[in-house]
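Only a predicted model underlies this, so the values are computations on that prediction, with no experimental measurement involved.
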Amino acid sequence: MNKLKYIAVLAFLGTFGISEIGAQIKEEQLILNRKREPEVKKIEKKKTSVIQEKNYPPENKKKEDSLNLKYDIVNVPPVSDFKTTEIQSEDISPKFNNDFQSNYFRLGYGNYGKFLADANISGKVQDNVEVGADVHYLSTTGLKKDYDWDSKSSQAKIGAYANIYAETGKYNLDANYGFNNYNYYGIYAFTPSNSDLDLQQKVNKFSVNASYDHYSNEILNNVKVRSYFLSDHFNAKESYADVELNLSKHDFEISNDITANADLGIDLETVNSKFELLNQNNSNQLNFTLSPKVTFYKGESYLLIGSDFTFLNSKLSDFTGENKGSKFYWFPRAEVLVAAADEFKFYGGIDGGLKLNTYGNLLEENPYLISDLLLTPTENEYHFYFGLKGDINQMFKYDVNAGFSKVNNAQFFINNGLFDNKISAERPGFDYANTFSSIYDNGNLIEVKGDLQAFPMENLTVDAGLHFMKYKLDNLEEVYYKPLVQLNLGAKYTMLEKKLALGFKGYFVTDRTSNAFLVTPNDFVPGQYMQTENRDVKVGGYADLNLSAEYKLHKNFSIFALGNNLLGAKYQNYLGYKVLGAQVVGGVKITF
């Protein structure tokens, strides 16, 4: 009977993988309040450098957590640790929850010359002090049969961290260095006469982060500090720092059945970006925000009222001159949740905010940017939303919502043409119509999101997410590199007494609009190229199916296999940049 059950589940996973389609997108994540605890976090290949769970004493903050019933939709950066783009594969290895061991070492090798090494080691130096190290490396030889020039790439990250559990709160600190070494291989507009091209780009990033989480919410809630320094192959430099202080007074009684929380967020964010190429765009921005709010609770229902007061000071310059300015912003913030039952919770609200666009953040979305960007903050003037969520018998959880936003300086990517039109020019690696810049426009955005999870069996979890996004802009006729519909589907299953773990992840992305350049010799001006731009080029949609399996031979030793982009389509996330086809990686993992 057990064998028949296993066969039925495997058939379900197979049908699930073949019939559903998907692609690499900004994955959504549901943080759920539930009695039993199936894993619902973003699927990751590793334990991140700092454990973020709070070490709550038995009673402190209990009220805050128990009433935090909102399903938070968390945007996950589209460049995952193992991604189905250029070095390309997302690691969807399921996690073994039984007999968990935090220390591990993993090695794997696959087609396209893909090599991965992955390790996390931690231990206690005192009863309340934990220290650890985190090391990750991935490389590939690239698409040798598709391009005459080099498309290999490699990336690595190494870090150290410490967690200190004091009587009043938890401290954590982490520092890490990472690099991404790759090539601007997406040449589509013309074929260079010399195939031995230097197309290298390398990005280095050093980060230091720290936080203190006070166990009690009496006045001090937490303090967070984030910072990084970034540089690249073309002497671009960016420094970033963010200090966030949260003050609060929680759980004071208004009446017999109504309680309230009062919070004040204080955030200071600064970024300094310098570019040495072309127009030599430089920006220096400082953003200060005060975020007071009051939340009233009655049972599982609540009403939140607040505001964001933001002051921005910026200095932008290029080789032509300098522009300074300061501006004050006010953003409304309110939300109401009516808990009719566990199965039906209605919510709605309004919010807004200011987002600093940095070179570091944009590179995470698109690594093929030119090292000379105009960096302008994006203002979400207001965002109305409403939705319905619920938990049906702890077996099915869902969150469906829709929203309308007024956005100023919404950021998009746009293809660059040639920077030097001379045929005889000795071109640097970014001057083959193979890079991208930022472009901005004002407009409206309509969004519909849906996320669900189902637990049909004790050892089976199924999840799905849908994101519909429609822009209407003031100036741009087309919205570049923003798909209309994104869909992700997943399943995780353990069997053979949890010795075998299977995983599936599928992505689907619809067509995206791009712009492209046709480059031809200029018959009227000898020695010059002529460029013709087409701003209505489609980058095709794609389906990307991924499977994984890991078998535990021993409590300290397992073997794994990852299959990525199994349909084998060399689709393009960005024009000119084909991704790797079907990929299979196998290896061993040691835990201790």
Side-chain angles (χ1 to χ4, degrees), residues 23-26 75 78 186-190 278-279 281 316 318 352 354-355 357 359 361-363 365-370 372-385 402-419 421 430-449 466-487 508-520 529-542 571-578:
Q24 179 177 324
I25 59 174
K26 283 189 175 179
N75 288 325
I187 301 173
Y188 68 91
F190 65 106
L278 305 172
N279 293 330
N281 280 293
L316 306 176
D318 57 24
L354 193 69
K355 174 189 175 183
N357 292 304
Y359 186 44
N361 289 341
L362 295 181
L363 279 174
E365 294 186 53
N366 183 350
Y368 308 109
L369 298 175
I370 186 68
D372 182 44
L373 298 178
L374 177 63
L375 296 172
T376 301
T378 295
E379 177 194 0
N380 195 346
E381 189 173 331
Y382 56 80
H383 168 225
F384 291 101
Y385 61 93
F404 176 83
S405 302
K406 175 67 172 70
V407 184
N408 298 320
N409 287 323
Q411 182 271 329
F412 307 97
F413 298 120
I414 188 171
N415 292 69
N416 295 320
L418 296 181
F419 298 105
N421 286 326
F430 56 81
D431 196 9
Y432 292 89
N434 57 342
T435 61
F436 302 82
S437 291
S438 278
I439 190 171
Y440 303 88
D441 200 359
N442 303 333
N444 299 323
L445 171 62
I446 298 174
E447 289 185 282
V448 178
K449 296 180 181 179
L466 175 70
H467 188 189
F468 170 87
M469 181 169 52
K470 176 68 174 179
Y471 279 93
K472 184 178 181 181
L473 302 175
D474 293 348
N475 300 306
L476 293 174
E477 294 182 3
E478 298 289 347
V479 179
Y480 298 123
Y481 290 108
K482 296 292 184 181
L484 187 66
V485 178
Q486 306 171 73
L487 172 70
F508 168 74
V509 170
T510 57
D511 289 348
R512 289 145 295 151
T513 301
S514 177
N515 64 310
F517 291 86
L518 177 64
V519 177
T520 57
Y529 283 120
M530 180 174 62
Q531 301 184 71
T532 304
E533 185 179 12
N534 181 357
R535 292 205 168 198
D536 192 21
V537 174
K538 296 295 183 181
V539 178
Y542 54 85
Y571 58 84
Q572 301 175 66
N573 281 313
Y574 296 99
L575 185 63
Y577 289 91
K578 295 180 182 179

I'd like to check the side-chain hydrogen bond (donor to acceptor under 3.5 Å, both in side chains) partners of [X]; sequence neighbours left out, ordered by chain and number.
| X | result |
| --- | --- |
| T378 | N357 |
| S405 | none |
| N415 | Y481, S514 |
| Q572 | none |

Interatomic distance, [X] atom [atom1] to [Y] atom [atom2] [nearest 0.5 angstrom]:
| X | Y | atom1 | atom2 | value |
| --- | --- | --- | --- | --- |
| K470 | I446 | NZ | CD1 | 9.0 Å |
| T520 | M530 | OG1 | CE | 4.0 Å |
| I370 | T435 | CD1 | OG1 | 4.0 Å |
| S438 | N409 | OG | CG | 11.0 Å |
| L575 | R512 | CG | CZ | 10.0 Å |
| E447 | M469 | CD | CE | 6.5 Å |

Partners of [X] by side-chain contact (heavy atoms from CB on, under 4.5 Å), sequence neighbours excluded?
| X | answer |
| --- | --- |
| D536 | E478, T513, N534, K538 |
| L374 | N281, T376 |
| D431 | L418, F419, D420, R427, P428 |
| T510 | P483, L484, V485, F508 |

Flag, side chain of [X] to backbone of [Y], donor-acceptor distance under 3.5 Å:
| X | Y | value |
| --- | --- | --- |
| D441 | L473 | no |
| N416 | A433 | no |
| D372 | N279 | yes |

With N434 as reference, evaluate Y577, Y574, Y368, Y188 under the side chain to side chain contact (heavy atoms under 4.5 Å, CB included) test and give the passing residue.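 Output: one option passes, namely Y577.
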Parallel, tilted or perpendicular: ring planes of Y571 versus Y542, cut at 30 and 60 degrees: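 Parallel: the ring planes of Y571 and Y542 meet at under 30°.
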Those residues that, when tested against Y471, pass ring pair (Phe, Tyr, Trp, His ring centres under 6.0 Å) (two or more places apart):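 With sequence neighbours excluded, Y471 shows a ring pair (Phe, Tyr, Trp, His ring centres under 6.0 Å) to F412, given in chain and number order.
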With sequence neighbours excluded, what pairs up with Y382 under the ring pair (Phe, Tyr, Trp, His ring centres under 6.0 Å) test?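 Partners of Y382 by the ring pair (Phe, Tyr, Trp, His ring centres under 6.0 Å) criterion, ordered by chain and then number, come out as F384.
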Step by step, would you call L362 with Q411 a side-chain contact (heavy atoms from CB on, under 4.5 Å)? CA-CA 10 Å; L362 295 181; Q411 182 271 329; 3.6 Å; yes
Can you tell if the side chain of Y432 reaches within under 4.5 Å of the side chain of V519, non-hydrogen atoms only?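 Not in contact.
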Among residues two or more places apart or on two chains, list those pairs meeting salt bridge (charged side-chain N to carboxylate O under 4.0 Å, His left out) that have a residue in residues 405-417.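 Qualifying pairs, neighbours excluded: none.
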What residues form a salt bridge (Lys or Arg N to Asp or Glu O under 4.0 Å) with E533, not counting sequence neighbours?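 Result, salt bridge (Lys or Arg N to Asp or Glu O under 4.0 Å) vs E533: R535.
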Run the side-chain contact (heavy atoms from CB on, under 4.5 Å) check on N380 and K355 step by step: do they pass? CA-CA 8 Å; N380 195 346; K355 174 189 175 183; over 6 Å; no
